[in-house]
Structure formats: structure tokens, C-alpha cells
Amino acid sequence: NFKKKKPSTVFLDGDGFREIINDNLGFDYQSRKKNSERLKKMCFFLDSQEINVICSVLSIFPEDREWCRKNLSNYYEIYVKVPIKILEKRDQKNIYSKALRGEIKNVVGVDLKFPEPKKSDLVIINSGNLEKFLKNVNKILSLVGLKE
């Protein structure tokens, strides 16, 4: 368990973070940028107190990823690449199906561009295969120095 080995760790999830700060933002480009700025500041704040931060977020701003690389200690960028067809198939919140029918807008990969990360420390293709998933977990643990 990661938290047992690194107890001073905080997990930040993009959607969870929006809930914590009262989610007064939409999902348009400007709102996503503002949320990204908030997340960067929170990560920096926690990092400055020597708290490990794992931030799971769909980042569409290359300049923010670069800022994190320059300003956060022990920064690792892990790009979990999920093919759009897999996202459409999973679609637990019906976001992709609604976007593809034109019922909603501002969906990354449909009507908002997703600039793929170019400098990731690790790229993982997530196709839904459990065995591959477990291998990828081990890759991540090795990268951050927690593989035994």
C-alpha cells in the first residue's frame, strides 16, 4: 500500500478537487484553465510542506505540466493513455455518448482538443486488460522508487 510506505501523501483527483472547492466552474476552456491554476497552487502548497502529492487529472494545458515539472520537487508525469473508443465504451457518466449526439459541449477528445503530453516520464496504455494494468502499477512503483 502506497500510503503505508509514504504516509505523508495526499491524493488529489480532478473531480474530487472540484467538489471540495464548491465546483463553481464549468468545463469550458477558461473554466478548465482556472481549475488547473487552482490545482497547481494546491500541489505547490502541499509540496512546500514536504507532503507527497499524487494528482490525477486530465491536463489539457502543456504549459501547466511544464510549470509543475519546474516548480514541484520529485515531479513525475505519468500519462495514462486511453484510446477514445475505450473511453466511449466505458462512459460511466454518459459524457461521451451525450457529446457525440451533440447534447453537451466541452468534452475533451470530442470537441475540446487534447494536446498529448510530450515529456512524460512514463506512458501507460490503458486498454482495460487487468494483467496489463497490474504490470503498469509495478512500472509506476518502480518509477517513484517504491518497488521492492
Side-chain angles (χ1 to χ4, degrees), residues 1-3 6 8-49 51-144:
N1 185 325
F2 193 92
K3 287 281 281 182
K6 299 281 187 179
S8 61
T9 300
V10 171
F11 295 93
L12 289 179
D13 170 75
D15 290 338
F17 185 74
R18 281 175 173 267
E19 272 186 44
I20 291 168
I21 58 166
N22 296 325
D23 195 13
N24 62 346
L25 299 174
F27 290 92
D28 58 280
Y29 187 86
Q30 292 78 14
S31 294
R32 287 176 183 274
K33 184 65 176 166
K34 186 166 188 163
N35 196 55
S36 182
E37 291 294 325
R38 290 174 176 177
L39 271 165
K40 284 188 329 189
K41 288 177 182 177
M42 178 59 76
C43 289
F44 185 78
F45 173 74
L46 294 168
D47 183 55
S48 70
Q49 295 182 54
I51 295 173
N52 301 304
V53 181
I54 297 174
C55 185
S56 303
V57 64
L58 174 58
S59 174
I60 64 171
F61 304 105
E63 65 276 11
D64 289 349
R65 294 190 296 260
E66 192 59 36
W67 183 92
C68 289
R69 186 172 297 286
K70 290 178 181 173
N71 292 283
L72 300 176
S73 64
N74 297 315
Y75 176 78
Y76 298 100
E77 183 179 291
I78 301 170
Y79 173 29
V80 179
K81 185 175 184 173
V82 183
I84 191 75
K85 292 295 179 196
I86 301 272
L87 291 173
E88 290 171 11
K89 184 179 176 183
R90 290 178 184 164
D91 204 10
Q92 296 167 342
K93 299 177 186 176
N94 292 317
I95 292 171
Y96 290 95
S97 57
K98 288 179 182 177
L100 291 169
R101 288 192 306 263
E103 296 172 13
I104 60 172
K105 300 230 179 282
N106 300 311
V107 176
V108 176
V110 178
D111 64 329
L112 283 181
K113 186 179 179 193
F114 175 67
E116 288 194 67
K118 303 284 187 226
K119 298 179 182 177
S120 299
D121 298 290
L122 181 62
V123 177
I124 293 173
I125 308 296
N126 181 349
S127 60
N129 180 300
L130 181 60
E131 187 176 317
K132 287 182 182 178
F133 172 78
L134 295 174
K135 285 181 183 177
N136 289 329
V137 168
N138 285 328
K139 286 180 187 178
I140 294 168
L141 293 175
S142 291
L143 178 67
V144 299

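Because the structure is a prediction, the values reported are computed rather than measured.
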Where do Val144 and Lys6 land on the side-chain contact (heavy atoms from CB on, under 4.5 Å) test, with the steps shown first?
CA-CA 11 Å; Val144 299; Lys6 299 281 187 179; over 6 Å; no
So NZ of Lys139 and CD1 of Ile78: to nearest 0.5 Å the spacing works out to 11.5 Å
CG of Asn52 to OG of Ser73, rounded to nearest 0.5 Å, is 8.0 Å
| Stepwise side-chain contact (heavy atoms from CB on, under 4.5 Å) check, Lys93 with Asp15 | CA-CA 12 Å; Lys93 299 177 186 176; Asp15 290 338; 2.9 Å; yes
Output for pair (Leu25 CG, Arg38 CZ), nearest 0.5 Å, gives 4.0 Å
> Is Glu37 salt-bridged to Lys34, going by a charged N under 4.0 Å from an acidic O?
Replying inline: no
Distance col, row Ser97:OG vs Lys89:NZ, nearest 0.5 angstrom, shows 15.0 Å
Is there a donor-acceptor contact under 3.5 Å from the side chain of Ser31 to the main chain of Gly26? yes
For the residue pair Arg90 and Asn126, establish whether any side-chain heavy-atom pair is separated by less than 4.5 Å. yes
Residues Cys43 and Leu12: closest non-hydrogen pair is SG-CD1, 3.9 Å
### Query
Are a donor atom and an acceptor atom from the side chains of Tyr75 and Glu77 found within less than 3.5 Å of each other?
yes
Tell me whether the rings of Phe61 and Tyr29 are parallel (<30°), tilted (30 to 60°) or perpendicular (>60°). perpendicular
Nearest heavy-atom contact between Val53 and Asp47 is CG2-N, 4.3 Å
So, do Lys33 and Asp64 sit near enough that their side-chain heavy atoms are less than 4.5 Å apart?
-> yes
In terms of heavy-atom contacts, Asp121 and Arg69 come closest through OD2-NH1, 3.5 Å
For Asn35 and Gly14 the tightest heavy-atom approach is ND2-O, 4.5 Å
dist Arg32:CZ -> Ile60:CD1 (nearest 0.5 Å) comes out at 5.5 Å
*Kindly determine whether Lys119 and Arg65 satisfy side-chain contact (heavy atoms from CB on, under 4.5 Å), including the steps that lead there.*
CA-CA 9 Å; Lys119 298 179 182 177; Arg65 294 190 296 260; over 6 Å; no
For a 4.5 angstrom cut-off between non-hydrogen side-chain atoms, does Lys135 reach Glu131? yes
Residues Leu112 and Phe27: closest non-hydrogen pair is CD1-O, 3.7 Å
**Asked** Yes or no on side-chain contact (heavy atoms from CB on, under 4.5 Å) for Ile21 and Met42, after CA distance, side-chain angles and deciding distance?
**Response** CA-CA 11 Å; Ile21 58 166; Met42 178 59 76; over 6 Å; no
- Is the count of non-hydrogen atoms from other residues, nucleotides or ligands lying under 6.0 Å from Phe11 atom CZ greater than 12? yes
Original post:
So does Glu19 have more than 12 non-hydrogen atoms from other groups sitting under 6.0 Å from CD?
Top reply: no
On a heavy-atom basis, the closest approach of Phe114 and Ser59 is CE1-O, 3.3 Å
The reported gap from CD1 in Ile104 to CG in Asp111 (rounded to nearest 0.5 angstrom) is 8.5 Å
